[in-house]
Amino acid sequence: MSIKAFAAKIVAKIVHAQTQKWANNPVETQQKVFANLIRQAESTQFGKDHSFSTIKSFEDFTKHVPVRDYEQLRGYVDKVVAGESDVLWKGKPLYFAKTSGTTSGAKYIPLTAASMPFHIQAAKNAILSYIHETGNADFVDGKMIFLQGSPEMEEKNGIKLGRLSGIVAHYVPKYLQKNRLPSWETNCIDDWETKVDAIVEETFHQNMSVISGIPSWVQMYFEKLKTKANMPVGELFKNFNLFIYGGVNYEPYRAKFEQLIGRKVDSIELFPASEGFFAYQDSQQEKGMLLLLNSGIFYEFIKADEFFTENPKRLTISEVETGVNYVLIISTNAGLWAYNIGDTIAFTSTKPYRIIVTGRIKHYISAFGEHVIGKEVETALQNAISGTNISVNEFTVAPQINPNSGLPYHEWFIEFDSEPEDLEVFAQKIDAEMRQQNVYYDDLIKGNVLRTIVITKVAKNGFQNYMKSIGKLGGQNKLPRLSNDRKIADWFN
């Protein structure tokens, strides 16, 4: 064992003990975070406008601060972008994480001196938790890669801005710099396909031990590696034993990845976003990711099926239950207050609090009142292909309200790597799984309001071509699993 691996085990033990301390005192930890956030922002413009000086409890907070999304908070954010100080948080942000807005172009999410360290700490602690649980630390001596956005940044009124993954690249510790790939020059390549080709060339002869990124884009990297090497990725990289991912559910990709790698490897799931680093997988044995309750973020939860009612109840960590779909609401030390990030989660455990991401509150199908969510379509497909030779590269689902004939239906656009022998039988298997997942969908099928799903095959690289056509190929961009309209569907028809 190397000195670096030995030291990593010692640090992992220390971090585990620190984590257990706050994880075993969740309510008290969140109360402290809440009180600190209110106190720190009391003299900001937002704090004055919302009477932070009078807020003594969560109930006070809910009376003074409504739930908002980016558009509703934009008046304040625009002032920060214009260069004003003390608007949402003390002083000015260190950075803006620039993301793609769905309604108004670019969104600028502030990252502050108070919030930025937690992004770095969480990523580091996820790996240390893995080391502590498994005892595996030899990978720290190999090469590590994270498929990410460009680290190059612009400047807006004296504040640097860029993609979150590119900003984080500036914070890689010196002791990891020699292990880290790709090179700075390759990371700065804008065109994703050109970038992946360059990464393949840089990493092909290296001792890769850790590979990280969004599964859909790592899959492209693996496919190119396998073609070039004419062997599975696991044979090319004999010491590759840890895959770190976030952004989307890995399960629909797992079978394909194991085929490309040629063997199973351990994986760590992360839940990072520009707005904060919310959770990471702290155990290979337990389902879900540990919700980070001491990272400068105060969490609220609204039941997803109540979210669009007039006055949905806002819950704290002490009031949640397992197995319920919640919209995640955050207040942070970057100045986001009662902010709806758009993600839905469910708790798998409350001792400690572990979560899974179930989808997006805006990404659903409810053309007929069925309210199908991302987790349901992913689980249905996963169960339908389990135990078969069928392999799926990518998929998305949309409603067909006005078919040329017959009843309306849900249309599944699937890019197969290995197709089913009988597409109709496979469609019926998915449909049966959907009916088990969603009672409303089952009722619509029984009531002859909908007919069973229809599968439309997508050509090889079809989804990559779609993402490229809308300028979102690679990086942290993700294909929506499902839509309540046919904007994506119409591109394929």
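FYI, the numbering just counts along the sequence from 1. Note that the structure is predicted; figures quoted are calculated from it, not measured.
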Problem set entry | Reported CZ-to-OG1 distance for the pair Phe395 and Thr456, which is rounded to 0.5 angstrom | 14.0 Å
Exercise. What is the ring orientation for Tyr253 with Phe257, classed by angle as parallel under 30°, tilted 30 to 60°, or perpendicular over 60°?
Worked result: perpendicular
Exercise. Applying the side-chain contact (heavy atoms from CB on, under 4.5 Å) test to Glu300, which of Val327, Ile329, Ile317 qualifies?
Worked result: Ile329
Exercise. Say you draw a straight line from OG of Ser283 to CD of Glu133; how long is it, rounded to the nearest 0.5 Å?
Worked result: 4.0 Å
Exercise. Taking C-beta and beyond as the side chain, do Tyr280 and Ile127 meet within less than 4.5 Å on heavy atoms?
Worked result: no
Problem set entry | Check: Phe277 ring centre within less than 6.0 Å of Phe271 ring centre | no
For this session: Any chance you could lay out the side chain to side chain contact (heavy atoms under 4.5 Å, CB included) test for Asn461 and Gln464, step after step, and finish with the verdict?
Result: CA-CA 5 Å; Asn461 298 324; Gln464 287 183 20; 3.8 Å; yes
Exercise. OG1 of Thr358 to NZ of Lys375: how many Å apart, nearest 0.5 Å?
Worked result: 8.0 Å
Seminar exercise, completed: Rounded to the nearest 0.5 Å, the CG atom of Asn438 sits from the CD1 atom of Ile365 at a distance of 10.5 Å
Problem set entry | Chi angles and distances behind the side chain to side chain contact (heavy atoms under 4.5 Å, CB included) call for Tyr250, Tyr245 | CA-CA 8 Å; Tyr250 180 42; Tyr245 68 95; 3.3 Å; yes
Exercise. Does Lys228 come within less than 4.0 Å of Glu201, counting only side-chain N to carboxylate O?
Worked result: yes
Exercise. Quick check: does any side chain N or O of Ser115 sit under 3.5 Å from a backbone N or O of Leu111, one acting as donor and the other as acceptor?
Worked result: no
Exercise. What do you reckon, are the aromatic ring centroids of Tyr171 and His119 less than 6.0 Å apart?
Worked result: no
For this session: Ignoring hydrogens and angles, state whether a donor on the side chain of Thr203 or Tyr221 is under 3.5 Å from an acceptor on the partner side chain.
Result: yes
Exercise. Can you check side chain to side chain contact (heavy atoms under 4.5 Å, CB included) on Asn136 and Ile131, steps first, answer last?
Worked result: CA-CA 5 Å; Asn136 300 333; Ile131 291 172; over 6 Å; no
For this session: Check each of Lys256, Lys460, Arg481 against Glu394 using the salt bridge (Lys or Arg N to Asp or Glu O under 4.0 Å) test, and report the only one that passes.
Result: Arg481
Exercise. Does Asn389 CG have over 12 foreign heavy atoms under 6.0 Å away?
Worked result: no
For this session: Apply side chain to side chain contact (heavy atoms under 4.5 Å, CB included) to the pair Asn340 and Tyr70, showing each step before the final yes or no.
Result: CA-CA 8 Å; Asn340 171 22; Tyr70 184 84; over 6 Å; no
For this session: Establish, from distance only, whether the side-chain atoms of Glu319 and Thr316 form a donor-acceptor pair under 3.5 Å.
Result: yes
Seminar exercise, completed: CZ of Phe301 to CD1 of Ile355, rounded to nearest 0.5 Å, is 7.5 Å
Exercise. Under 3.5 Å, is there a donor-acceptor pair linking the side chains of Asn239 and Asn207?
Worked result: yes
Seminar exercise, completed: Separation between CZ (Phe463) and CD1 (Ile488), nearest 0.5 Å, reads 8.0 Å
Exercise. Is the closest side-chain heavy-atom distance between Met116 and Val168 below 4.5 Å?
Worked result: yes
Exercise. Any side-chain heavy-atom pair from Pro26 and Thr29 closer than 4.5 angstrom?
Worked result: no
For this session: Using a strict cut-off of less than 4.0 Å between a Lys/Arg side-chain nitrogen and an Asp/Glu carboxylate oxygen, indicate whether Asp141 and Lys4 qualify as a salt bridge.
Result: no
For this session: Let me see the working for Tyr441 and Asp431 under side-chain hydrogen bond (donor to acceptor under 3.5 Å, both in side chains), right down to the final yes or no.
Result: CA-CA 9 Å; Tyr441 179 77; Asp431 202 77; 2.4 Å; yes
Seminar exercise, completed: Between Arg354 and the options Thr348, Thr322, Asp282, the side-chain hydrogen bond (donor to acceptor under 3.5 Å, both in side chains) test singles out Asp282
Exercise. So Lys32 and Glu28, salt bridge (charged side-chain N to carboxylate O under 4.0 Å, His left out) or not? Walk me through it.
Worked result: CA-CA 6 Å; Lys32 286 180 179 178; Glu28 180 185 350; 3.3 Å; yes
Problem set entry | Cation-pi, Phe146 ring and Arg180 (6.0 angstrom, 45 degrees) | no
Exercise. Parallel, tilted or perpendicular for Phe347 and Tyr353, by the 30°/60° rule?
Worked result: perpendicular
For this session: Could you please spell out the steps behind the salt bridge (charged side-chain N to carboxylate O under 4.0 Å, His left out) verdict for Glu419 and Lys457?
Result: CA-CA 9 Å; Glu419 295 184 16; Lys457 290 193 292 185; 3.1 Å; yes
Exercise. Tyr466 vs Trp491 aromatic rings, parallel, tilted or perpendicular, using cut-offs 30° and 60°?
Worked result: perpendicular
